[in-house]
Amino acid sequence: LYAAYVVSVGGDAFALYRFWVPVMPALLALAVAGLRWSWLLAGRVAAGRVALYALIGAAVFFLVPPIIRESRTRSAHRKVAAFLRAYAKGRANCIRQHTARHEAVAAIGIGALRFYLDRPVLDMLGLTDVHVARRSGLDLGKGWAGHEKYDSDHILLRKPTYICIVEEKRASAVPAARDMWRHPEFRRMYALDECGCYRRKDAPRPAILKRN
């Protein structure tokens, strides 16, 4: 049932199987219970031993090849994750120095940024924004799973001090970034600054920075 749910929502755009984390405890508990049952049954009847051997064989057949493949690719995933984490941490530190605590930041891919930044973070993809998440009338199912919804008018109406999106020439892959670059208000009111994000031109700088 859970596998059907993952398929129905389009799966994940990233590797390392995040969607399966919620059911891991149940799967492990069931696996241990199954092994215990097979072990007890194997000591009672010959059919139990056959079942146990079949279970071991199936585990080896289905699990060993993926484990071998994962061992070859996991280091690459770790390097990418470490880079993105360090990148988000540096960006968060810079934004913190150039904003007050109440100023909002809009972003695509808010996970690591929100973890390191003690500021309101607006999710342009709608994963944590109810309005964007419930927007209808979009052409979905053709791009990255979880990366197809957007509402630039809604984001700009909240006047975030920073909008963190990729540069225009790389925006075609994510509709939220592409739509934001097409919005005249964004082009008129935001400019790239030293934090690597686009800052609202009329947003005041914190007083401590003005003195420095």
Side-chain angles (χ1 to χ4, degrees), residues 12-16 18-19 21 74-135 143-212:
D12 197 352
F14 299 101
L16 301 182
R18 298 179 300 172
F19 275 30
V21 172
R74 191 172 296 273
S75 60
H77 291 311
R78 279 199 298 263
K79 290 179 181 178
V80 173
F83 168 78
L84 293 176
R85 185 169 60 249
Y87 182 70
K89 186 175 182 179
R91 177 173 287 182
N93 290 336
C94 182
I95 291 175
R96 189 182 301 110
Q97 295 173 14
H98 292 82
T99 57
R101 188 177 291 273
H102 68 277
E103 295 182 79
V105 178
I108 294 174
I110 68 170
L113 181 66
R114 181 63 186 88
F115 181 81
Y116 291 113
L117 185 61
D118 56 345
R119 303 286 189 271
V121 177
L122 311 179
D123 180 13
M124 296 173 62
L125 301 179
L127 299 179
T128 62
D129 187 293
V130 175
H131 176 88
V132 178
R134 293 180 177 176
R135 186 184 178 190
W144 289 353
H147 292 69
E148 296 180 288
K149 288 197 171 184
Y150 59 90
D151 192 334
S152 298
D153 288 333
H154 168 70
I155 297 297
L156 290 168
L157 188 63
R158 302 178 68 178
K159 296 185 177 181
T161 300
Y162 279 98
I163 296 180
C164 297
I165 58 174
V166 295
E167 56 190 4
E168 186 175 9
K169 64 181 180 181
R170 298 172 53 201
S172 59
V174 182
R178 184 171 65 244
D179 186 69
M180 185 61 74
W181 274 108
R182 292 173 178 171
H183 203 292
E185 174 73 6
F186 172 74
R187 288 184 172 277
R188 182 175 67 88
M189 292 301 301
Y190 287 83
L192 186 67
D193 83 340
E194 60 267 38
C195 293
C197 294
Y198 296 85
R199 182 182 175 89
R200 189 173 180 86
K201 295 177 182 178
D202 60 355
R205 298 276 180 172
I208 186 172
L209 292 178
K210 290 180 180 179
R211 289 196 300 268
N212 292 339

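Each residue takes its place number in the sequence, starting with 1.
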**Item:** Test item: L156 and M180 side chains (from C-beta on) under 4.5 Å apart, heavy atoms
**Value:** yes
**Item:** Carboxylate-amine/guanidinium proximity below 4.0 Å for E185 and R200
**Value:** yes
**Item:** Heavy-atom pair with the smallest gap, counting every atom of A176 and K149
**Value:** CB-O, 4.0 Å
**Prompt:** Parallel, tilted or perpendicular for W181 and F186, by the 30°/60° rule?
**Reply:** perpendicular
**Message:** So H183 and M189, do their side chains get closer than 4.5 Å, heavy atoms only?
**Reply:** no
**Message:** Less than 4.5 Å apart, side chain to side chain, heavy atoms only: is that true for T128 and V121?
**Reply:** no
**Request:** Provide the closest heavy-atom pair for Y162 versus I95 in the form atom of the first, atom of the second, distance.
**Result:** CD1-CG2, 3.9 Å
**Request:** Please lay out, stage by stage, how D193 and H98 fare under the test side chain to side chain donor-acceptor pair (under 3.5 Å).
**Result:** CA-CA 10 Å; D193 83 340; H98 292 82; 5.6 Å; no
**Request:** Mind checking the OG1-CZ spacing from T99 to R119? Nearest 0.5 Å is all I need.
**Result:** 4.0 Å
**Asked** So do the side chains of I110 and L127 get within less than 4.5 Å of each other, counting heavy atoms only?
**Response** no
**Request:** Find the distance between CG (D151) and CD1 (I155) and round it off to the nearest 0.5 Å.
**Result:** 7.5 Å
**Asked** Quick check: does any side chain N or O of K201 sit under 3.5 Å from a backbone N or O of R188, one acting as donor and the other as acceptor?
**Response** yes
**Prompt:** Within the distance-only criterion (no hydrogens, no angle test), does the side chain of R135 pair as donor or acceptor with the backbone N or O of Y150 below 3.5 angstrom?
**Reply:** yes
**Request:** Please confirm whether the backbone N or O of D123 pairs with a side-chain atom of R114, one donor and one acceptor, at under 3.5 Å?
**Result:** no
**Asked** Just how far is it from atom CD1 of I163 to atom CG of L192, taken to the nearest 0.5 Å?
**Response** 12.5 Å
**Item:** Closest heavy-atom pair and its distance - C164, L113
**Value:** SG-CD2, 4.5 Å
**Message:** For a quick test of reading the model, state the closest non-hydrogen atom pair linking D118 to R96 and the distance between them.
**Reply:** OD1-NE, 3.2 Å
**Item:** 4.5 Å side-chain heavy-atom contact, Y116 and R85
**Value:** yes
**Asked** Are any non-hydrogen side-chain atoms of C197 and V105 less than 4.5 angstrom apart?
**Response** no
**Prompt:** Is the backbone of Y190 close enough, under 3.5 Å, to the side chain of R187 for a donor and an acceptor to pair up by distance?
**Reply:** no
**Fill in**
Closest non-hydrogen contact found for L122 with P160 is CD1-CB, 4.1 Å
**Asked** H131 and D129: which non-hydrogen atoms are nearest, and at how many Å?
**Response** N-OD1, 3.0 Å
**Item:** Close side-chain approach of M124 and V132, heavy atoms under 4.5 Å
**Value:** no
